[in-house]
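As structure tokens, the structure follows; a few thoughts come after it.
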Amino acid sequence: MSNERYNARDSEPRWQRKWDDQQIFSTRNDDTRPKYYVLEMFPYPSGRIHMGHVRNYTMGDVVARYKRAKGFNVLHPMGWDAFGMPAENAAMANKVHPKSWTYENIATMRTQLKSMGLSLDWSREIATCDPSYYKHQQRMFLDFLKAGLVERKQSKVNWDPVDQTVLANEQVIDGRGWRSGALVEQRELTQWFFKISDYSEDLLASLDRLDRWPDKVRTMQRNWIGRSEGLLIRFALDAANAPAATSEIKIFTTRPDTLFGAKFLALSPDHPLSKELAKSNPAVAAFLEECSHTGTAREAIETTEKKGIDTGLRVLHPFDPDWKLPVYVANFVLMDYGTGAIFGCPAHDQRDLDFVNVYGLGNTPVVCPEGQDPKTFVITDTAYDGDGRLINSRFLDGMTIAEATEEVAKRLEAATLGNAPVGERQVNFRLRDWGISRQRYWGCPIPIIHCETCGVVPVPVKDLPVELPEDIEFDRPGNPLDRHASWKHVNCPQCGGKARRETDTMDTFVDSSWYFARFTDPWNEDAPTTRNVVDRMLPVDQYIGGIEHAILHLLYSRFFTRAMKATGHIDLDEPFDGLFTQGMVVHETYKSASGAFVSPAEINISHEGEQRTAILLSTGEPVTIGPIEKMSKSKRNTVDPDDIIATYGADTARWFMLSDSPPDRDVIWSEESVQGASRLVQRVWRLVSAAAPLLPPSGTAIDNGNPAAKALRTATHQALADVSQSIERLRFNTAIAKIYSFVGTLHEVVDDPKKPLANDAALAAAAREAFDVMVQLIAPMTPHLAEECWAALGHQTLVSEAAWPKLEESLLVSDTVTLPVQINGKKRADITVSRSAQNSEIEAAVLALDAVKSALGGKPHKKVIVVPQRIVNVVA
RNA sequence: GCGGACGUGGCGGAACUGGUAGACGCAAGGGACUUAAAAUCCCUCGAUGGCAACGUCGUACGGGUUCGAUUCCCGUCGUCCGCACCA
């Protein structure tokens with residue numbers, strides 16, 4: 001065999017140039033073949049690509065290359081999610097302009113991505129920070145505004161004191177900013193909102209149809225949208241001490257059946273009535289003040305006791321005007337869910353029970369578990385929220401929860417208070433509107449002008465884009481746009497008078513909510529989309545990215561697509577037909593004796609039997625091998641893709657990323673496994689080099705009558721079938737395993753000491769087919785190696801442009817089939833029978849087997865189960 | 001607390017809708033080639049008993065359904081993820 005090693009460093013740039021020169025990956029919008037849109041979540045240009053990118057883009061590239069070979073018009077673009085805080089932080093720290101910082105990073109990362117050999121259409125590259133992109137985003141903002149999908153309102157917002165900006169609910173994790181990690185504060189600000197809640201019902205219901213999404217993501221979105229059905233009940237205030245302007249309190253409940261167990265009503269501290277009462281009641285005012293200091297962090301919520309204050313108000317029970325309930329303000333009632341007020345049924349709600357146990361209001365059980373004697377059913381410290389039948393509830397007694405719920409709803413719908421019904425069925429959602437205002441410079445300006453006389457005035461479309469000024473200072477915290485000397489001072493487009501620009505910019509999640517649509521025609525300067533193009537190229541057929549976007553980005557994009565539909569920019573509801581969430585790249589951690597983390601490049605690992613020990617290369621001191629964790633700079637367990645590509649080549653990195661773990665699970669990066677991948681690359685090259693001179697031209701007729709040739713063909717087409725199916729299902733690790741096996745088979749053929757390839761024309765012809773197919777099978781994963789092998793096999797074309805081999809299914813079916821024979825479920829023998837054998841024939845043949853006879857020991861068998869083409873089981 | 005996923009050799013993992021458990025890779029051990037090393041090639045590799053043929057056990061644990069269970073059902077334990085005072 002050839003001793004010449006495959007030289008990735010020489011080969012890879014050569015093939016990349018060739019693909020580039022021939023523009024084979026640029027996609028034409030007028031191509032009439034069926035389209036297939038493959039998209040990986042576009043990167044934030046942080047500086048350099050990391051292994052997570054390598055994994056993500058390799059997976060997408062395999063799908064893109066495979067679908068291209070299968071004859072689809074594949075759209076596989078790349079761009080940059082280029083606005084965001086880090087650019088401003090860099091500006092503050094290093095005195096570089098966010099724009100130049102961003103574009104320099106893009107240039108670096110583009111070069112890195114190109115060195116991976118991705119089949120991307122770079123002619124469609126976009127950066128969201130480019131005015132040619134955000135111009136259209138501003139246009140859509142104005143369209144959404146006109147369509148009533150944008151709202152400006154004062155609201156309590158999550159304020160990140162470190163980044164000095166507002167955060168959406170989705171961006172607050174455990175009470176902390178998702179980026180800064182700072183404890184989030186509550187502030188009252190006037191903000192722009194996208195009315196995502198208009199689509200709550202649709203966003204929820206449509207999840208059922210997204211059957212090519214992971215269940216996990218759908219479940220997370222369902223929980224986030226949080227639909228619950230219940231009853232809105234209006235409680236009349238006891239006129240004796242009701243405030244002048246108020247005669248009722250509205251509450252929302254999902255348990256109207258427990259109405260006879262009510263002990264109190266409770267208002268949120270933020271409820272308008274609470275605030276009203278505070279004006280004349282110092283005790284209430286003091287309580288509200290106390291509540292405003294309670295944190296929103298999870299720990300604060302868990303440890304805060306249930307507290308309240310009796311307002312002195314009383315309400316009348318809807319079914320009994322003589323039954324009066326006290327009205328409290330309570331710290332555990334949320335203003336932004338339901339009506340901001342509840343009725344408390346302590347026996348069947350733990351929070352209510354904790355509350356009454358503090359204030360001594362008692363409880364009355366009204367739902368009794370089946371089989372329990374109502375007379376002995378007592379609630380003390382644990383509320384009962386299970387099934388049962390109603391007790392202590394007058395006309396509801398004996399009903400199930402569902403029956404009682406329905407009965408209460410019916411009666412209260414029929415009853416009136418003033419001239420409106422007392423009860424009203426209502427559906428509530430947890431999902432809030434999406435606050436998009438950010439007090440930052442490096443974002444898309446909100447195209448609005450505030451005029452003293454005209455109020456809020458949209459920037460006329462002809463004046464778009466509203467461009468960011470470039471002369472900007474980052475010497476102080478806060479929004480630099482607001483401090484700019486001239487930028488915000490403009491004339492009102494309506495009256496011409498003095499006016500002020502909106503200085504807030506949009507949340508960067510707006511930028512990424514429609515980029516997939518822009519990729520379909522990034523050249524259109526007049527509109528965000530070109531309708532006859534976007535409607536044909538979308539939806540994205542396969543979207544690939546990290547699970548961390550399960551709610552934020554994926555929910556926003558689903559909303560944005562609907563809003564674009566409502567404003568005529570697209571005809572589509574769901575942007576992503578198939579979604580795949582890939583796992584992380586993780587690595588061992590290492591610590592020196594001093595306890596500091598050490599990077600993998602600084603150490604050497606040696607084996608003593610199964611023991612692994614590590615030492616520091618520089619000093620020889622021992623290093624502790626720590627747990628496997630997500631690659632991160634702080635743990636110093638990162639591996640730079642550039643180093644790997646320089647040492648082993650992009651194909652090795654790609655192959656490794658696909659091989660070890662299922663793509664949705666974490667993959668452990670290890671030096672040994674990378675070397676395994678590298679071995680495969682070299683092995684394929686050696687094999688092809690050795691075989692090429694012995695093979696007849698492609699297309700040479702094969703004599704299937706030759707048993708060795710037939711066997712090889714069967715192996716070839718089995719591999720083709722298995723690998724194709726694995727790629728279709730995104731099971732890259734099993735595709736890789738099949739390729740390893742098939743390469744092993746080819747190795748046996750080439751390495752056979754009898755050298756039949758040189759002497760057996762039929763086998764050589766079958767081997768030609770086998771090698772051609774093998775190279776095509778590896779082409780989506782290791783495209784450079786595949787091109788090199790394809791050329792070595794005498795092809796004048798590019799394997800990247802070759803059609804996927806045609807499967808000959810007849811080769812996969814043999815005349816005979818070997819069935820395992822079990823006795824009582826344990827395998828004892830094999831039997832080879834004709835494929836068309838009748839069950840009775842098989843049964844007789846099996847019973848005649850020596851192994852079966854001896855296992856039965858002369859005793860009769862009970863029965864024989866024959867599963868055709870699968871297995872035979874003898875029941876003794 | 002609620003919801004979801006998962007638990008298979010020394011390790012990553014495979015096993016289509018219940019049908020030969022451990023494919024493929026990594027690590028390890030033995031051997032060939034070499035002056036030597038690297039590279040490459042061959043063999044072994046779940047546990048246990050046996051010289052061997054072969055047998056027994058084995059997919060977190062305990063039950064169940066079935067001719068047959070890693071797969072389905074019930075319970076227990078553990079790990080991970082998401083949400084969380086949502087009425």
Side-chain angles (χ1 to χ4, degrees), chain A residues 1 3 5 173-174 214-224 226-228 230 251-255 258 266 268 298 300-302 304 306 330-334 336-345 348-352 354-355 385 428-431 547-548 550-551 607-612 628 656 659-662 664-668 670-677 679-680 682-683 686 722 725 729 731 733-744 747 751 818-830 861-865 867 869-876:
Chain A
M1 274 205 225
N3 292 322
R5 286 177 64 80
I173 317 285
D174 294 347
D215 286 341
K216 182 187 171 79
V217 174
R218 292 197 287 172
T219 304
M220 282 166 71
Q221 291 212 355
R222 265 185 209 113
N223 292 341
W224 189 264
R227 182 182 197 274
S228 57
I251 64 97
F252 175 74
T253 179
T254 55
R255 292 292 303 272
T258 63
S268 164
R298 186 201 311 189
I301 287 168
E302 271 179 358
T304 305
K306 302 284 176 282
N331 63 352
F332 65 95
V333 182
L334 305 173
D336 50 4
Y337 185 78
T339 62
I342 60 158
F343 87 80
C345 175
H348 305 290
D349 183 296
Q350 191 61 46
R351 291 158 304 175
D352 298 344
D354 293 344
F355 187 76
D385 61 2
N428 258 314
F429 293 93
R430 218 185 69 110
L431 183 66
I547 186 74
E548 67 273 18
I551 295 173
H607 295 269
E608 255 179 62
E610 291 186 358
Q611 280 292 313
R612 296 166 71 239
I628 296 168
F656 171 78
S659 58
D660 266 11
S661 295
D664 53 346
R665 279 197 226 168
D666 292 350
V667 64
I668 303 168
S670 79
E671 193 63 22
E672 290 92 347
S673 296
V674 176
Q675 280 168 9
R679 269 201 288 276
L680 183 278
Q682 294 299 338
R683 187 179 165 98
R686 269 198 315 278
D722 290 346
Q725 199 193 41
R729 291 201 209 154
R731 304 278 300 262
N733 56 324
T734 58
I736 295 268
K738 296 289 195 275
I739 292 174
Y740 267 115
S741 294
F742 185 45
V743 168
H747 184 263
D751 224 23
T818 300
L819 303 174
V821 176
Q822 295 182 330
I823 307 216
N824 291 333
K826 282 193 188 299
K827 190 201 167 195
R828 298 294 175 186
D830 284 312
H861 65 279
K862 287 208 183 98
K863 63 173 163 173
V864 178
I865 289 149
V867 184
Q869 320 294 328
R870 279 225 174 265
I871 203 165
V872 182
N873 192 18
V874 180
V875 185

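For clarity, every value in this text was computed on a predicted model and none was experimentally measured. Order of the sequence lines sets the chain letters (A, B, ...), proteins ahead of strands, with each chain counted from 1.
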Fill in: Closest-nucleotide ordering on RNA chain B, the 5'-leading residue of A:Gln682 and A:Leu334
A:Gln682
Worksheet item: Any idea which heavy atoms bring A:Asn873 and A:Asn824 closest together, and the distance?
Response: OD1-N, 3.4 Å
Fill in: Distance (rounded to the nearest 0.5 Å) between A:Thr258 OG1 and A:Asp385 CG
11.5 Å
Worksheet item: Phosphate oxygens OP1/OP2 of B:rG4: is one of them under 4.0 Å from a side-chain N or O of A:Arg218?
Response: no
Discussion item. Checking A:Asp660 now: which residues fulfil side-chain hydrogen bond (donor to acceptor under 3.5 Å, both in side chains) with it, not counting sequence neighbours?
Written reply: A:Ser673
Item to complete: Give a yes/no answer on whether the side chain of A:Arg683 brings an N or O atom under 4.0 Å of OP1 or OP2 in B:rC41.
Response: yes
Item to complete: Looking only at side-chain atoms of A:Ser661, point me to the closest of B:rG13, B:rG4, B:rC26.
Response: B:rG13
Practice prompt. Take atom C1' in B:rU71 and the same atom in B:rG18, then report the distance between them in whole Å.
Written response: 6 Å
Worksheet item: Between A:Arg222 and B:rG82, does any side-chain N or O lie under 4.0 Å from OP1 or OP2?
Response: no
Worksheet item: Among the nucleotides B:rC26, B:rC83, B:rC81, which one has an atom lying closest to any side-chain atom of A:Trp224?
Response: B:rC83
Practice prompt. Among the candidates B:rC41, B:rC26, B:rA87, find the nucleotide nearest to the side-chain atoms of A:Tyr337.
Written response: B:rA87
Worksheet item: Taking the P atom of each, how far is B:rA47 from B:rG64, in whole Å?
Response: 29 Å
Fill in: Anti or syn - B:rG29, cut at 90° from 0
anti
Worksheet item: How would you label the contact of A:Gly226 with the nucleic acid (heavy atoms, under 4.0 Å): base, sugar-phosphate, or nothing?
Response: nothing
Worksheet item: Can you tell me how far P in B:rA15 sits from the matching atom in B:rG63, rounded to whole Å?
Response: 29 Å
Practice prompt. Nearest whole angstrom, please: distance from the P of B:rC57 to the NZ of A:Lys827.
Written response: 17 Å
Worksheet item: CG of A:Leu819 versus C1' of B:rG68: gap in Å, rounded?
Response: 15 Å
Response to the item:
Rounded to whole Å, the CD1-P distance (A:Ile736 to B:rA23) equals 18 Å
Discussion item. How long is the straight-line distance from OG1 of A:Thr219 back to CD of A:Gln221, given to the nearest 0.5 Å?
Written reply: 10.0 Å
Discussion item. The side chain of A:Arg686 is closest to which nucleotide in this list: B:rG3, B:rC85, B:rC41?
Written reply: B:rC41
Worksheet entry | Distance between C1' atoms of B:rG25 and B:rA32 (Å, rounded) | 23 Å
Discussion item. Nearest 0.5 Å, please: how far is CD1 in A:Ile739 from CG in A:Asp722?
Written reply: 10.5 Å
Response to the item:
Checking N1-N3 plus N6-O4 or O6-N4 for Watson-Crick, or N1-O2 and O6-N3 for wobble, each under 3.5 Å, the partner of B:rG18 is none
Worksheet, complete the sentence: Across every strand shown, the nucleotide meeting Watson-Crick or G-U wobble geometry with B:rU79 (both distances under 3.5 Å) is B:rA5
Worksheet, complete the sentence: Side-chain atoms of A:Arg430 come closest, of B:rC85, B:rC83, B:rC24, to B:rC83
Discussion item. So A:Val667, base contact, sugar-phosphate only, or nothing? Heavy-atom distance under 4.0 Å.
Written reply: nothing
Worksheet entry | Same-atom distance (P) from B:rU70 to B:rG9, integer angstrom | 14 Å
Item to complete: Give a yes or no on whether the backbone of A:Ser228 and the side-chain of A:Asn428 come within a donor-acceptor separation of less than 3.5 Å.
Response: no
Worksheet item: How would you label the contact of A:Ser228 with the nucleic acid (heavy atoms, under 4.0 Å): base, sugar-phosphate, or nothing?
Response: sugar-phosphate
Worksheet item: Whom does B:rA84 pair with, Watson-Crick or G-U wobble, provided both distances fall under 3.5 Å?
Response: none
Worksheet entry | Mate of B:rA36 where both pairing distances stay under 3.5 Å, Watson-Crick or G-U | none
Worksheet, complete the sentence: A:Glu672 CD to B:rG13 C1', in whole Å, measures 17 Å
Practice prompt. To the nearest Å, give me how far apart CG (A:Asp660) and C1' (B:rA27) are.
Written response: 12 Å
Discussion item. Which residues pass the ring-ring contact (aromatic ring centres under 6.0 Å, His included) test with A:Phe656, not counting sequence neighbours?
Written reply: A:Trp669
Worksheet item: With a 4.0 Å cut-off on heavy atoms, is A:Arg227 in touch with a base, just the backbone sugar-phosphate, or nothing at all?
Response: nothing
Response to the item:
A:His861 atom NE2 is separated from B:rC67 atom P, nearest whole Å, by 15 Å
Fill in: B:rG46 to B:rC24 separation - P atoms, rounded to the nearest Å
13 Å
Practice prompt. Answer yes or no: side-chain N or O of A:Lys862 and base N or O of B:rC67 forming a donor-acceptor pair under 3.5 Å.
Written response: no
Worksheet item: Starting at the 5' end of RNA chain B, which residue's closest nucleotide do you reach first, A:Arg679 or A:Asp830?
Response: A:Asp830
Worksheet item: Roughly how far apart are A:Lys827 NZ and A:Ile871 CD1, rounded to 0.5 Å?
Response: 9.0 Å
Worksheet entry | Stepwise side chain to side chain contact (heavy atoms under 4.5 Å, CB included) test for A:Phe355 and A:Asn331 | CA-CA 10 Å; A:Phe355 187 76; A:Asn331 63 352; 5.7 Å; no
Worksheet entry | Rounded distance in Å between the P positions of B:rC77 and B:rA39 | 50 Å
Worksheet item: Roughly, in whole Å, what's the span from CG in A:Asp215 to C1' in B:rC6?
Response: 14 Å
Discussion item. Looking at B:rC72, which nucleotide sits across from it as a Watson-Crick or G-U wobble partner, both distances under 3.5 angstrom, or is there none?
Written reply: B:rG64
Item to complete: Flag the pair A:Arg218 and A:Asp215 as a salt bridge only when some basic side-chain nitrogen lies within less than 4.0 angstrom of an acidic carboxylate oxygen.
Response: yes
Worksheet item: Heavy-atom distance under 4.5 Å between the side chains of A:Ile342 and A:Asp349, does that happen here?
Response: no
Got a list of protein N/O to nucleotides 14-19 of chain B N/O distances below 3.5 Å?
unit_1: B:rA14; atom_1: OP1; unit_2: A:Asn733; atom_2: ND2; d: 3.3
unit_1: B:rA15; atom_1: OP1; unit_2: A:Arg731; atom_2: NH2; d: 2.9
unit_1: B:rA15; atom_1: OP2; unit_2: A:Arg731; atom_2: NH2; d: 2.8
unit_1: B:rC16; atom_1: N3; unit_2: A:Arg870; atom_2: NH2; d: 2.5
unit_1: B:rC16; atom_1: N4; unit_2: A:Arg870; atom_2: NH1; d: 2.2
unit_1: B:rC16; atom_1: N4; unit_2: A:Arg870; atom_2: NH2; d: 2.4
unit_1: B:rG19; atom_1: N2; unit_2: A:Gln822; atom_2: OE1; d: 3.4

Worksheet item: In whole Å, what separates the C1' atom of B:rU8 from that of B:rG78?
Response: 16 Å
Worksheet, complete the sentence: Of B:rA87, B:rG55, B:rC24, the nucleotide closest to the side chain of A:Ser741 is B:rC24
Worksheet item: Whole Å only: how far is the CG atom of A:Asp349 from the C1' atom of B:rA87?
Response: 6 Å
Fill in: Nucleotide nearest A:Ala737 (side chain, heavy atoms from C-beta), chosen from B:rA87, B:rA23, B:rG3
B:rA23
